[in-house]
Structure formats: C-alpha cells, structure tokens
Amino acid sequence: MTAIRKVGVVGCGLMGSGIAQVAATAGFDTVVRDVSQPVLDRGRAGILKSLGRMVDKGTITSAARDASLARLRFVTELADLKDRDIIVEAVTEDLDLKNEIWRELDRTCPPGTLFASNTSSLTIGSMAETTRRADRFVGLHFFNPVPMMPLVEVVRTATTSAESFERAYAFARSLGKEPVAATDSPGFIVNLLLVPFLLDAARARERGTASTPDIDRAMQLGCGHPMGPLSLMDYIGLDTVVRIADIMVDAYGEDRYEAPALLRRMVDAGHHGRKTGKGFYDYSADPPKPVELVSR
Ligand code: CAA
C-alpha cells in the first residue's frame with residue numbers, strides 16, 4: 001500500500017479549510033485550492049483562529065502551530081495538486097461542479113493518487129463513474145467543526161478496491177480521527193439520521209411548538225446534545241441543510257427529507273446562519289439573540 005505523504009484539498013470553505021488544517025497538523029504536506037484569493041484568505045484566517053484557540057488552551061504548542069502553517073499552501077490552480085497522493089474534495093454539493101473538477105484532476109494526477117469526496121449527500125459512485133479510477137475513489141465525510149469532531153465516515157462504492165478503502169481508512173486514522181465504514185447511499189449514516197431530526201426541529205418551530213431557544217435548550221438539557229438543533233442548523237448553514245434535504249428527498253422520495261417552507265424562506269432572505277450573521281439567531285449580538293421568523 002503506497003504511503004500517503006502529500007495531501008490536496010479542493011475547496012477552502014468551512015469544511016475544506018478544516019480538513020486542510022487537520023492534515024497539516026497531523027504532519028502532511030498539504031495544498032488547498034479554491035477559485036479565488038479572498039476565499040483562500042478567509043479559510044486561512046479561520047485556520048489561524050482555530051489553531052490560536054488550541055494554543056490558548058494548551059492543546060498544541062505555538063511551535064506546533066507554526067510547523068502546521070508551514071506545511072500548508074494555498075493555491076488557485078487545480079494543476080498545483082498534480083503531485084498529491086490523495087485529493088479530498090470539499091466544494092458545494094453540486095454534482096456537475098464536482099465532476100468537472102474530478103475529470104480535470106483525473107487527467108493531471110498520476111494513477112496512484114487516491115480520490116476522496118467529502119460530499120454529505122451525493123453518492124460517491126456518481127462521481128467515481130466520470131473518472132478512469134473508479135477503483136481508487138472513496139468518500140471521506142468529515143464533520144463540522146472538523147478540528148473538533150472525531151468522526152470520519154469512510155465510504156466505499158461497489159467499485160472501490162479493497163486496497164483503496166484500506167488506504168482511506170488508514171489515512172483517516174492518521175489524521176487522528178475515528179473512521180467508520182459506510183456504504184454508498186445518500187446521507188451515509190449520520191445525515192440519514194440527523195437531517196430528518198433537524199428538519200423536524202424547523203417544523204416544530206414553524207408550527208409554534210416552542211420558541212427557538214426553548215427548542216434548543218430542550219434537546220441540550222433533555223437529551224444531552226452539545227448544541228440544540230436550530231443552533232446546529234445555523235452552524236452547518238441553512239442553505240447547506242436545504243441543499244442536502246433536496247438531494248435526499250430526490251434519492252429516497254420520503255416526506256421526512258422535505259425542507260419546510262420556513263427554512264426555504266430564511267434561505268431566500270439570505271439568512272443562512274452563522275456565515276451570513278443571521279439564521280435562527282442574530283450573531284451580531286453577544287450572546288446571539290433569537291431572530292423573529294421570516295414570514296410569508
Ligand atoms: N477549532 C479549535 N477549537 C475549537 C473549535 C475550532 N473550530 N470550535 C470549538 N473549539 C474548542 C473551544 O476552544 C473549546 O475548548 P475548551 O473546551 O478547551 O474550552 C471547546 O472546543 C468547546 O467550544 P465552545 O465552548 O466554544 O462551545 P461548545 O462547548 O458548544 O463546543 C462544539 C463547540 C465542539 C462545536 C460543540 O458545540 C459541538 O460538538 N456541537 C455539535 C457539532 C455537530 O453536531 N457537528 C456535526 C454537524 S453535521 C456535519 O457537519 C455533517 C454535514 O454533512 C452537514
């Protein structure tokens with residue numbers, strides 16, 4: 001099994017920057033690519049902030065932070081990823097966009113490069129089939145915030161070779177994560193179960209079952225969740241939740257994956273959660289304040 005030394009990450013949003021951070025901190029030479037310099041700058045600032053928190057808490061030393069940063073490179077060209085041993089793609093949940101990227105990487109990367117998508121709701125097979133390396137294609141699904149959440153779902157398709165799966169599984173372990181094996185069905189394990197729960201929480205809010213903070217507090221204090229479901233949706237991004245729900249309702253045809261009208265109205269109004277400053281809560285206040293719901 002060829003050792004993985006050089007890591008490439010495509011996409012420097014919340015997930016991509018988190019994956020790049022974790023890879024660099026684990027000692028890998030890491031190159032992260034996004035289309036524009038401002039996106040890369042934002043990603044880099046997020047990594048600096050996260051590493052800074054770890055230094056403040058004493059989880060890592062400032063020398064380890066500096067060494068991690070020295071292992072990270074930010075680029076705008078996909079061609080700069082051509083010498084990587086593994087590519088982890090973490091761009092928007094848009095199959096055409098992902099496949100355009102994969103086709104280009106398939107042309108430029110050597111046969112030994114393992115391809116991994118961080119998709120949370122599309123199938124890995126729908127990407128693998130557009131390349132000439134369906135046997136060297138896996139899913140590596142990380143969770144937000146990537147530096148803090150221990151889980152990685154490692155996904156094999158019908159065509160993934162045993163060696164590729166083992167390489168990916170070992171790679172997840174070498175990042176300090178806990179891998180679980182999942183088969184290639186939309187949502188894998190976590191989102192299959194989490195997404196209906198989040199959508200039900202939005203439906204409860206829409207129906208007026210309780211206030212935003214009371215729904216959140218109920219699940220935190222009654223079930224031991226670290227974050228209430230409405231806060232968690234703000235954290236993931238309401239636009240992302242709706243996109244995942246749409247893909248899952250197409251895949252399974254079940255009402256429980258249908259995003260409620262309230263969520264769609266919030267997304268249409270530009271209330272995407274933390275990243276836009278407003279969702280179920282207003283993040284310009286400290287602590288964040290519940291927001292009056294967007295009406296019809
Ligand atoms: N980088 C570094 N450190 C971080 C961090 C980051 N990005 N985020 C939080 N921390 C650290 C804090 O410094 C703090 O450290 P100490 O405990 O040493 O003080 C610790 O984590 C706790 O942070 P906070 O006090 O700010 O807040 P918290 O206790 O609520 O923890 C949390 C934050 C880890 C995010 C926690 O709330 C949590 O686990 N929430 C649930 C997250 C979750 O469910 N994620 C999955 C989302 S689904 C997904 O990602 C999949 C998908 O496809 C949609």
Side-chain angles (χ1 to χ4, degrees), residues 11 13-26 42-60 64-65 68-69 88-93 98 116-124 139-155 175-178 180 182 185-199 201-202 213 216-217 219-221 223-248 251 257 259 263 272-275 279 281 283 286-288:
L14 213 54
M15 296 303 286
S17 60
I19 296 165
Q21 175 185 330
V22 163
T25 309
R42 258 201 315 278
R44 189 169 193 281
I47 292 173
L48 280 175
K49 187 172 165 203
S50 174
L51 290 174
R53 278 168 94 163
M54 291 175 173
V55 172
D56 292 345
K57 302 280 173 202
T59 326
I60 60 169
R65 173 201 56 203
S68 302
L69 289 171
V88 185
E89 165 274 314
V91 304
T92 319
E93 291 290 86
K98 286 181 191 279
S117 176
N118 177 59
T119 183
S120 49
S121 47
L122 297 164
T123 61
I124 303 304
L140 279 179
H141 185 215
F142 293 80
F143 295 84
N144 226 335
V146 179
M148 302 304 298
M149 304 310 282
L151 182 69
V152 176
E153 292 175 314
V154 185
V155 185
L175 296 177
K177 299 295 182 192
E178 284 291 336
V180 293
S185 51
F188 312 126
I189 304 167
V190 172
N191 280 346
L192 188 78
L193 306 177
L194 176 68
V195 170
F197 163 64
L198 295 179
L199 298 175
D216 276 345
R217 265 203 300 269
M219 296 313 294
Q220 285 180 282
L221 303 181
C223 296
H225 291 194
M227 247 180 197
L230 304 178
S231 292
L232 183 53
M233 275 189 279
D234 274 359
Y235 198 71
I236 296 169
L238 303 186
D239 56 330
T240 304
V241 174
V242 168
R243 201 171 296 124
I244 294 173
D246 287 345
I247 293 171
M248 292 184 75
Y257 295 111
L263 269 190
H272 295 185
R274 271 179 198 249
K275 62 186 164 192
Y281 296 87
Y283 294 91
D286 187 16

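All ligand and atom numbering here is 1-based and tracks the order in the structure. Heavy atoms only: backbone and side chains are in, while hydrogens, waters and symmetry mates are out.
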**Message:** For atom 24 (P) of ligand 1, which of the options Met54, Met148, Arg53, Lys49 provides the nearest non-hydrogen atom?
**Reply:**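 That would be Arg53.
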**Request:** Any chance you could measure Ile19, atom CD1, to Lys177, atom NZ, to the nearest 0.5 Å?
**Result:**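 The distance works out to 9.5 Å.
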**Asked** Distance from Glu153 atom CD to Thr119 atom OG1, nearest 0.5 Å?
**Response**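 Between Glu153 CD and Thr119 OG1, I get 11.0 Å after rounding to 0.5 Å.
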Does the protein put any heavy atom within less than 4.0 Å of [atom]?
atom                    : value
atom 5 (C) of ligand 1  : yes
atom 40 (N) of ligand 1 : yes
atom 17 (O) of ligand 1 : no
atom 21 (O) of ligand 1 : yes
atom 32 (C) of ligand 1 : no

**Asked** Hey, does Asn191 come in under 3.5 Å of ligand 1, counting only N/O atoms on both sides?
**Response**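 There is such a contact, yes.
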**Request:** Tell me, please: is Val195 in heavy-atom contact with ligand 1, that is, under 4.0 Å?
**Result:** no
**Item:** Proximity flag His141 to ligand 1, non-hydrogen atoms under 4.0 Å
**Value:** yes
**Request:** Can you sort out the partners of Ser120 under side chain to side chain contact (heavy atoms under 4.5 Å, CB included), two or more places apart, ordered by chain and number?
**Result:**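 Ser120: side chain to side chain contact (heavy atoms under 4.5 Å, CB included) contacts with Glu93, His141, Asn191, Ile244.
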**Asked** Does Asp234 use its side chain to pair, donor to acceptor, with the backbone of Tyr281 at less than 3.5 Å?
**Response**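 Checking the backbone N and O of Tyr281 against the side chain of Asp234, a donor-acceptor pair under 3.5 Å is found.
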Could you pull out all donor-acceptor pairs under 3.5 Å where a side-chain atom in residues 42-53 meets a protein atom, sequence neighbours excluded?
{"residue": "Ser50", "atom": "OG", "partner": "Gln21", "partner atom": "OE1", "Å": "3.3"}
{"residue": "Ser50", "atom": "OG", "partner": "Gln21", "partner atom": "NE2", "Å": "2.9"}

